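Okay, so here's the structure we're looking at.
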Amino acid sequence: MNSYLLYITIAAATIASPGPGVVFTISNTIRDGFSGAISGVLGIAFGMLCIALLSATSVAVVLSASALAFTLLKFVGAAYLIYLGFKLWRSSAAINTDIHTVKKSNLKKFTQGMLLTFLNPKPIFFFIALFPQFIDKSQPSFSQFLLLVMTFAVLVIIIHCVYGASANFARHKLSSPKSSHLISKISGSFYICFGLGLAASSK
């Protein structure tokens, strides 16, 4: 495979850039601790895995060819981000010290992380543009494609865990109700901005 290390560099830089997923991981960590954010990270990684697989299917072709399909998915994703933003604005985002509550919400965090990724059509076009550059046509393409997809998913987990671990260090300084309320407002604002940006974007 050509330039695998270059692919890792590009993928890592893309994943590490601030976005809804990064905000989601950091806010989950501050609210519920590092362990409480893992399920959300896995949801984001699973969403990316699904999108990467879809990028090699007819779904990607439909989204690329149909302005209506792309626009519908884009606005659904934007609406979901804005919904999460307003939900955070209205909540207290209190620091959670109850491990049982954290465990009960793991499935919800996984689902939210997956939806955050899955409802954004832009990664599909990213993968469509990126993957062909790193596939050696003289070699079997399926094994190469699988390696690229799995590498991206693993990088998502590693990089988001780094974000989570970093946020965890500041968690004890943000345990007051005032700080929790501020975190809620900031995170909600980011989600709303990301949603509006997605709605205003084009292919």
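Everything numeric here is computed off the predicted structure, so don't read it as measured data.
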Atom pair OG (Ser39) and NZ (Lys108), whose distance is rounded to the nearest 0.5 Å:
11.5 Å
From Ile157 atom CD1 to Met48 atom CE, the distance as rounded to the nearest 0.5 Å:
12.0 Å
Within a radius of less than 6.0 Å around CZ of Phe110, do more than 12 heavy atoms belonging to other residues, nucleotides or ligands occur?
yes
Are [X] and [Y] packed together at the side-chain level, in the sense that at least one heavy-atom pair is separated by less than 4.5 angstrom?
| X | Y | answer |
| --- | --- | --- |
| Gln112 | Leu115 | no |
| Thr117 | Pro20 | no |
| His160 | Ile15 | yes |
| Leu53 | Phe145 | yes |
| Phe118 | Phe46 | no |
| Leu147 | Tyr4 | yes |

Going only through I, L, V, M, F, W and Y residues with side-chain contacts under 4.5 Å, is there a path from [X] to [Y]?
| X | Y | answer |
| --- | --- | --- |
| Leu148 | Val154 | no |
| Ile51 | Phe24 | yes |
| Leu5 | Val149 | yes |

Of all the heavy-atom pairs spanning [X] and [Y], show the shortest one and how long it is.
| X | Y | answer |
| --- | --- | --- |
| Cys161 | Ile38 | SG-CD1, 3.9 Å |
| Ala45 | Ala153 | CB-O, 3.9 Å |
| Leu155 | Ile8 | CD1-O, 4.0 Å |
| Ala37 | Asn28 | CB-CB, 3.9 Å |
| Ala12 | Ile159 | O-CD1, 3.5 Å |

Check whether Tyr163 reaches the backbone of Thr25 with its side chain - one donor and one acceptor, N or O, closer than 3.5 Å.
no
Is a donor on one side and an acceptor on the other found under 3.5 Å between the side chain of Lys109 and the backbone of Gly36?
yes
